[in-house]
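Structure record follows, encoded as structure tokens.
Residue numbers begin at 1 in each chain, while the letters A, B, ... track the order of the sequences.
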Number of protein chains: 2
Amino acid sequence: MTKPPMRDALVAAAFQLFLERGYEQTTVDDIVALAGVGRRSFFRYFPAKEDVVFPDHERCLADMTAHLAASAEDADPVGRVCDAARMVLLMYAENPAFSVQRYRLTKKVPGLRASELSVVWRYQRALAAYLRGRFADRPDGTLQADVIAAAVVAAHNNALRSWLRSDGQGDATTAVDHALDLVKATFGTPPTPLDRDEPGPGPGPGSESESASEDVVIVVSRRGVPMWRVVQEIESALTTRPQN
Amino acid sequence: MTKPPMRDALVAAAFQLFLERGYEQTTVDDIVALAGVGRRSFFRYFPAKEDVVFPDHERCLADMTAHLAASAEDADPVGRVCDAARMVLLMYAENPAFSVQRYRLTKKVPGLRASELSVVWRYQRALAAYLRGRFADRPDGTLQADVIAAAVVAAHNNALRSWLRSDGQGDATTAVDHALDLVKATFGTPPTPLDRDEPGPGPGPGSESESASEDVVIVVSRRGVPMWRVVQEIESALTTRPQN
DNA sequence: GGGTTCGATGGCACTCAGTGCGCTACCGCT
DNA sequence: AGCGGTAGCGCACTGAGTGCCATCGAACCC
């Protein structure tokens, strides 16, 4: 936690070799030889060779669960879950170069993709567990929780991957915010839908819409046309006429 | 394809030993000894030890992609994807006892859970790829495709797992249908929402098409009201009057 | 200071998954 | 019969992961 330079040395040596010769062409002996440590020490710090590729996901997962546990009962659950997903993005954005390298690795090596899936799955389960708690009273609570968690993770990953694919250029948060806004628009329900008119402090970087005037939007839609399409129409209606 | 009894013998021997001593306590040598075949033959039929646990997923995935490719341009994409998910359920329901055993195994052994994740991920990618093709013209097409695919898989798995948890008792399809209906109600859009009033031929075995009529929902809202607020009102308007 | 305990590390030796290669046996074909 | 292809088998090898013990250093106690 405080000072393990050995861990960092192993990660650095591993990535250097992975980029040079590829993941599967690099043995653990190669890594420890380059790092100048004993082979046994590698497995002291990483339970498996693949885990050296995701060095800080364990910490990030702990942060996320802590964040979810902290947001006990107050706000709208979907927003909280989206915030939790944003935390993961921040971890990626901390080291863009490293994240891009890792992305290229996981893209090529099937074994690493499986490892990444495991990690992502744990994030998704954490989100779903939180939502299950919040939706305990709803009729299809666990189903909704699982679906929303999956949607949040998928949206987050979609935006994250497109950012990684562009070599970490540009702002990652805007794309992720947009993706999560779409999810929030689909599933999101305000914390107290009836007793507040002001969005309150920090409703997230989502909706711009500061025009507090009484402009009226009328949406006409057939039944059976669900949210999605409706949301799109409303969005376009809101944005195509920026004035008046 | 036609008759490889060796494959089946290996699967049978493997599951017998897995249930007796557990997965990790069973070596490949044990399996091939019980099956009475050579060790090398095991890896001819299964690329890895874990793959013996999911013997027919490869075929099922092929069937699913074929089904998606067949439904070229006609029906609503979300319904098609839900049908594809139902195909997976059918594979599980073919052998309830086997599926339940496998579920218990994958629940206990982390390595097997990782393998299952890989398999599920491939299903999800197949669905997403199909949807991406269908949503190619939409603005956030790939994002919507990824999110919907994730939601479909999550809903399917939620229902499937609850069925497996109950030892395969009862009807699996009803629970899955209900879960997928929820997804369809959230994302599903009739094929052409604006230029057609009839849902068209074959809206899929899913929705019982509660109202093909031209029910109209009119939403009046102030500008500046955040999206979720609007969505919630529409939702309540859509659900509070189930008939007429 | 000397001994001691404890934690971190290194060094083996071992199991087992997975692979490459060569050999044999069987099956269909001409 | 001869012959090619294929399915199975045995063997040897690499490499990941583990258990066990020796070592070293730092704090700690008397």
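No hydrogens or angles were tested; on distance alone, nothing pairs the side chain of B:R39 with the base of D:dG8 as donor and acceptor under 3.5 Å. Side-chain to base pairing of A:R44 with C:dG10: one donor and one acceptor N or O lie within less than 3.5 Å of each other. Applying the 3.5 Å distance criterion, the base of C:dG22 shares no donor-acceptor pair with the side chain of B:R40.
Note on B:Y45: a side-chain N or O is less than 4.0 Å away from OP1 or OP2 of D:dG8. Distances shown here put every side-chain N or O of A:S41 at or beyond 4.0 Å from the OP1 or OP2 atom of C:dT9.
Taking 4.0 Å as the cut-off between side-chain N and carboxylate O, A:D146 and A:R125 count as a salt-bridged pair. Using a cutoff of 4.0 Å between basic side-chain nitrogens and carboxylate oxygens, A:E58 and A:R122 are scored as salt-bridged.
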Full working for salt bridge (Lys or Arg N to Asp or Glu O under 4.0 Å) between A:R80 and A:D76: CA-CA 7 Å; A:R80 284 299 181 179; A:D76 79 307; over 6 Å; no
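Atom NZ in A:K49 sits roughly 16 Å away from atom P in D:dT14 (whole-Å rounding). Between A:D30 atom CG and D:dG15 atom C1' the separation is 11 Å, expressed in whole Å. Between the P atom of C:dT15 and the CG atom of B:D29 lies a distance of 12 Å, rounded to the nearest Å. Put simply, CD on A:Q25 is 11 Å from P on D:dA16, counting in whole angstrom units. Rounded to an integer number of Å, the gap from B:F46 CZ to D:dG8 C1' is 15 Å. Rounded to an integer number of Å, the gap from B:L17 CG to C:dC16 P is 14 Å. Straight-line distance from the CG atom of B:L10 to the C1' atom of C:dA17: 15 Å, rounded to whole Å. Rounded to whole Å, atom P of D:dG19 lies 12 Å from atom CD of B:E24.
B:L34 CG to B:D29 CG: the interatomic distance, rounded to the nearest 0.5 Å, is 12.5 Å.
Proximity of the aromatic rings of B:H156 and B:Y123 is defined here by a centroid distance below 6.0 angstrom, and this criterion is not met.
Distance from the side chain of B:F43 is smallest to C:dG18 among C:dC16, C:dG18, D:dG15.
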